[in-house]
Each structure stands twice: as C-alpha cells, then as structure tokens.
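Below is one structure; the comments refer to it alone.
Counting convention: from 1, in listed order, for ligands and their atoms alike.
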Amino acid sequence: MKKEISITQIEQAVHEAHDLYRDNHDGKNADYIPYLAGVDSQLFGISVCLTDGHIIEVGDTQYRFGIESVSKVHTAILVLRQYGADKLLSMIGADATGLPFNSIVAILLENDHPSTPLVNAGAIAACSMVQPTGNAIAKWKAIVDNITLLSGSAPVLIDELYKSESETNFNNRSIAWLLKNYNRIYDDPDLSLDLYTRQCSLGITAEQLSVCGATIANKGVNPKTGQQVFDASLAPKITSLISTVGFYERTGDWLYTSGIPAKSGVGGGILGVLPGVMGISAFAPPIDEAGNSVKAQLAVRYIMNKLGLSVFSGDSVTITV
Ligand code: GLN
C-alpha cells in the first residue's frame, strides 16, 4: 500500500514523544563505566533525518555523548566496505545471540564464534579485521573516517570516557583473548580491544546518529553530503544485522512493538533505520537491565506507532511537505 506522511505529522509526533517522556525517571545511568554514571541523566534529545537530508529534532540533540555500542554498526559497515558481505558472514557471523552484549557464554555456545559484529565479541573481531592489519594508527583513522562519512561530520574522542573504560574493561579483555583461543580474532588481541574501547568512547550527537541512520536508509548515500559511503547492496545486510541483535536479549520485543530495526549503546543513544524513509536517533542516559535507554526506546516506539510506520508493513512511504 502507498502511505503518505507529512513533515508536520513527523514534527508533531517527535514533539509529543519528547513532551510525554521528558519527566520519566525509569532506568539508571550505566555505572560499570564510571564516566557514564556522572552524565546528566535528564538529557533527552530526539532527531529524525529523512532520506532527503531534512532534519526534525527536539531537545539535547547537539550534546556529545558516548557512542558506546552504537559504534558497532559503523565498524560493521567499515568491515563490509573493506571485505564484502560474504567475508563478514564467514569471519564473524550474522546470528543473534539472545544473550547480553558482553556475554562470554555466548562465545562458548556458538559454533561459529563470535556470531555477529553487533555484540562485544563480534565488534572486537570487527576491529581486528579493519585494514591495514597491525597498524593501530591507520586502523583508528579508518574507523573515525568511516564514522565521519556516515554521520556527515566528525565524532570527538571523550578522553575521560576512554580512560574510564580502559581502566575497567576486564570482561572485554577476556573476550578478546577467548577469541584468540578460537582463532576468531584477526589482529593482535590487545590492539583490537583498544580500538574497540576507543571507538566506544567517541562522543557523538543524536543528530549525527540520525544522519548515519538516514545514510543506511538511503542505500549508502549520505543525504547531507551526497556522498556514496558504501555500496547500495550492503544496506540490507547492515539493516538485517541491526534487526536481529540491536537490542541484545530484548531485540524481539523491541522489533515487535516498535517496528524499526535499531541499535542501542549504554551511553543512552539509539540509532534506528527505516529503509527508504529515515534514520531516527534518540538519546537519554538512563538504561534498562539490557543496556538500552529507557526514554529513547519509549520515544522512538511512540513516534513509529503514532505515524503508523513499520519495517514489516509493506507500505511504500512518501513524505510530503
Ligand atoms: N563499551 C561498552 C562495553 O563494551 C559498550 C556496551 C554497550 O553499549 N552495550 O561494555
């Protein structure tokens, strides 16, 4: 079916969501990374970027928060760009774990460790795959440049977060070396882990994440810069990865109730992709037990339901002015 939605309707839905949930106090800031515990838990922003680059936003959309696990999407795209879809499947995998993001058990259970680039194990493996192998400086530049191309502007490393996370990432250190045990890490484990930790510590805004979502929704063409960042054939691959595991053990409930593939980070950010229509991001620090922002989930779900949008509807959506 054809479905028409006006920009005014989207603006209304976005503002209603912000008004509705601004005073919600559920969840709490991540505290296993000390820096995140100290971020103002009242911050709340929502940004929608349409595939023509038009942005609709409200609240704290320019605040730079820790990108955390949302960066797994960006680096999965970089690996897809450098290696192609088949290699990502054979070297990492594309399967949901149904377990928490940092699960070690998931690595032991999967025959094809580590299963998906959107959980910690697969994301560390993805960092290990980034070319050129062995060159930490050039690999880091490739990771940051890729995020910049996808977002239309550069992320900025939050030094304090990087320090905080490096001092406390014992579980991730175990994951990196367990992957080594299974020959599922493709560069030095410590180097790969450090890249992963650094990429999680990048500061990003909700607006930048919405532009990245729109770039995926727009088949690899960044609607703000007009640049083709990745081949159009890779767009459904990345959206399928996000669909299956974007909210970890809560992914099914999320997709069922919201209708949009989305990826979360413990910094409080969410990045959603509605192919052909828009990227959407919401940011609010308090998270639930699975590590997904409470308010960002409420807001994005509200907007999708209010507008009657779903990736599974089969509707062909046109945005009118
Ligand atoms: N850097 C965090 C970690 O590895 C990211 C987790 C997340 O955002 N879900 O624990």
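If you chain together hydrophobic residues whose side chains sit under 4.5 Å apart, Ile124 and Leu195 never meet in one group.
Interatomic distance, OG of Ser47 versus CD1 of Ile280, reported as 8.5 Å (0.5 Å rounding).
Close placement of the Tyr63 and Phe283 rings is indicated, their centers lying within 6.0 Å of each other.
Asp19 CG: more than 12 foreign heavy atoms inside a 6.0 Å radius.
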Atom pairs and distances, side-chain donor-acceptor, residues 312-321, under 3.5 Å, sequence neighbours left out:
unit_1 : atom_1 : unit_2 : atom_2 : d
Ser313 : OG     : Ser310 : O      : 3.0
Ser313 : OG     : Asp315 : N      : 3.0
Thr320 : OG1    : Ile5   : O      : 3.4

Would you mind listing each N/O atom of ligand 1 next to any protein N/O under 3.5 Å, plus the distance?
unit_1   : atom_1 : unit_2 : atom_2 : d
ligand 1 : 1 (N)  : Glu68  : OE1    : 2.7
ligand 1 : 1 (N)  : Glu165 : OE2    : 2.3
ligand 1 : 4 (O)  : Asn120 : ND2    : 3.0
ligand 1 : 4 (O)  : Asn172 : ND2    : 2.8
ligand 1 : 4 (O)  : Tyr196 : OH     : 2.8
ligand 1 : 8 (O)  : Ser69  : N      : 3.0
ligand 1 : 8 (O)  : Ser69  : OG     : 2.7
ligand 1 : 8 (O)  : Val266 : N      : 2.8
ligand 1 : 9 (N)  : Ser69  : OG     : 2.9
ligand 1 : 9 (N)  : Tyr248 : OH     : 3.4
ligand 1 : 10 (O) : Tyr32  : OH     : 2.6

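Partner of Thr197 under the side-chain hydrogen bond (donor to acceptor under 3.5 Å, both in side chains) criterion, chosen from Thr168, Asn172, Asn169: Asn169.
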